[in-house]
Structures are given as structure tokens and as C-alpha cells.
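Worksheet: one structure, shown below.
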Amino acid sequence: ARAGGDYASKLVLMTDLGMIAHWNNDRLLFFVHDLRSLDPVARARITIYSHKQQVLLQGFTGNDGLASFDGYDGKLGRPTVAGVEKDADYSFLELKARSDTKTPFDGKSLFNGSEYDAFIYADRDLYRPGDTMHLRFIGRTANGMKPLSEIPLQVVVEKPHGKDLL
């Protein structure tokens with residue numbers, strides 16, 4: 001929309017491909033899944049682009065939906081965006097460091113948190129009072145290669161002002 005010289009835009013992407021990324025030093029790990037069924041997507045092509053708009057790495061997911069990339073040429077820039085393609089479907093994910101590293105369970109867990117990675121996400125970004133939330137959870141060993149079982153889950157949901165909701 002334009003009004004008095006101001007400009008606003010919104011990118012809308014319709015896709016069935018979901019992608020989760022984990023970045024540790026120079027290793028990037030991706031999990032690609034179907035957003036409808038949550039099944040892993042095999043043979044999806046992942047392309048990682050640098051902040052200089054150069055292709056840093058390319059590869060395919062395995063049958064488990066995982067793809068791992070080790071090392072990249074720093075002269076081409078730092079990883080900034082990962083794109084995923086499967087058949088005629090496409091999606092992308094911005095790669096940036098997380099600023100929400102708050103860990104309310106420090107010292108309370110019976111498990112060594114450095115040995116596990118967990119991702120929890122909802123079916124949408126915004127909920128109204130009374131809406132039902134549908135959450136998905138993926139837990140794996142820190143290297144992302146072995147799914148977790150029989151590990152208790154502790155969850156805290158915070159209100160925008162930082163107080164616990166659940």
C-alpha cells in the first residue's frame with residue numbers, strides 16, 4: 001500500500017514443506033517435513049545461500065527428512081537463507097542466531113540438556129482467546145540422528161509480559 005510516499009509489503013508463501021534448522025558452529029542440520037501429515041520429506045533439495053547471495057551448499061534430505069552440511073567457504077559469506085524444493089513445491093527459512101536463549105529449567109532437569117535438541121511449534125502464529133492450540137514436538141539427540149523416547153517433557157508458556165501462562 002502507498003500513502004504519502006510510505007510503502008508496505010507482505011510476503012505470502014503457500015507451501016506444504018516445513019523446515020526446521022539447527023546451526024552449530026560450521027555445521028547445519030535440517031529437518032524437512034510435510035506440513036499436512038508431518039511425515040519426513042525424502043529427496044528434498046536444500047540450497048543454502050550466503051548474505052552475499054552466493055550458493056554456499058546444496059544437498060538432499062535422506063528418507064528420514066534430515067540433511068546435514070559440514071563446513072562452507074567463508075569467503076562466499078555467512079549462511080543467511082536456506083531454500084527447500086520438492087517437485088513443484090518450494091519454501092525457505094531465514095538462518096539467524098536465536099536471541100531467546102532463556103532456559104527456565106536450568107538446574108532442574110534430570111537430563112543433560114546439551115545431549116538433546118527439541119523443537120516445538122504451533123500450527124499458526126496468532127491465537128485469539130478461546131482458540132485451541134495444536135502444538136507439534138520433535139525431540140532428537142544433539143547430533144539430530146536419533147529420535148528420543150521415554151524422555152519427560154517440561155513446557156512453560158509465557159505471556160507477552162514474561163509471566164507464566166502454563
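Please read these numbers as outputs of a predicted model, since none were measured by experiment.
Judged by distance alone, the side chain of S50 and the main-chain N or O of P79 form no donor-acceptor pair under 3.5 Å. When atom types are taken as modelled, the side chain of H33 and the backbone of L38 share no donor-acceptor pair closer than 3.5 angstrom.
Within 6.0 Å of CZ in R124 there are more than 12 heavy atoms belonging to other residues, nucleotides or ligands. Within a 6.0 Å sphere centred on CG of D70, heavy atoms belonging to other residues, nucleotides or ligands number more than 12.
Between S91 and L13, the closest side-chain pair of non-hydrogen atoms falls below 4.5 Å. Counting only heavy atoms from C-beta outward, the side chains of Y49 and V55 approach each other to under 4.5 Å. No side-chain heavy atom of H22 sits under 4.5 Å from any side-chain heavy atom of I20.
Summarising the geometry of D34 relative to R36, their closest heavy-atom pair is OD1-N, 2.7 Å, with the distance given to 0.1 Å. Between Y72 and G77, the shortest heavy-atom contact is CE1-O, 3.8 Å.
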In a table with atom names and distances, give each donor-acceptor pair under 3.5 Å that connects a side chain of residues 82-89 to protein atoms at least two apart or in another chain.
{"unit_1": "K86", "atom_1": "NZ", "unit_2": "A42", "atom_2": "O", "d": "2.9"}
{"unit_1": "D89", "atom_1": "OD1", "unit_2": "T15", "atom_2": "OG1", "d": "2.8"}
{"unit_1": "D89", "atom_1": "OD2", "unit_2": "T15", "atom_2": "OG1", "d": "3.4"}
{"unit_1": "D89", "atom_1": "OD2", "unit_2": "D16", "atom_2": "N", "d": "2.9"}

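In this structure, CG on L95 lies 11.0 Å from CZ on R78, to the nearest 0.5 angstrom. Atom CD of Q54 and atom OG1 of T80 lie 11.0 Å apart (nearest 0.5 Å).
In this view, F69 and F30 satisfy the ring pair (Phe, Tyr, Trp, His ring centres under 6.0 Å) rule, not counting sequence neighbours. Partners of V81 by side chain to side chain contact (heavy atoms under 4.5 Å, CB included), not counting sequence neighbours, listed by chain and number: F92.
The hydrophobic cluster containing I48 also contains L76, counting ILVMFWY residues as joined when their side-chain heavy atoms lie under 4.5 angstrom apart, directly or transitively.
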Next on the checklist: Between V32 and L17, does the side-chain contact (heavy atoms from CB on, under 4.5 Å) criterion hold? Intermediate values first, please.
Outcome noted: CA-CA 7 Å; V32 180; L17 296 174; 4.2 Å; yes
Item to check | Residue pair L57, L28: steps toward the side-chain contact (heavy atoms from CB on, under 4.5 Å) verdict | outcome: CA-CA 10 Å; L57 301 162; L28 292 130; 4.2 Å; yes
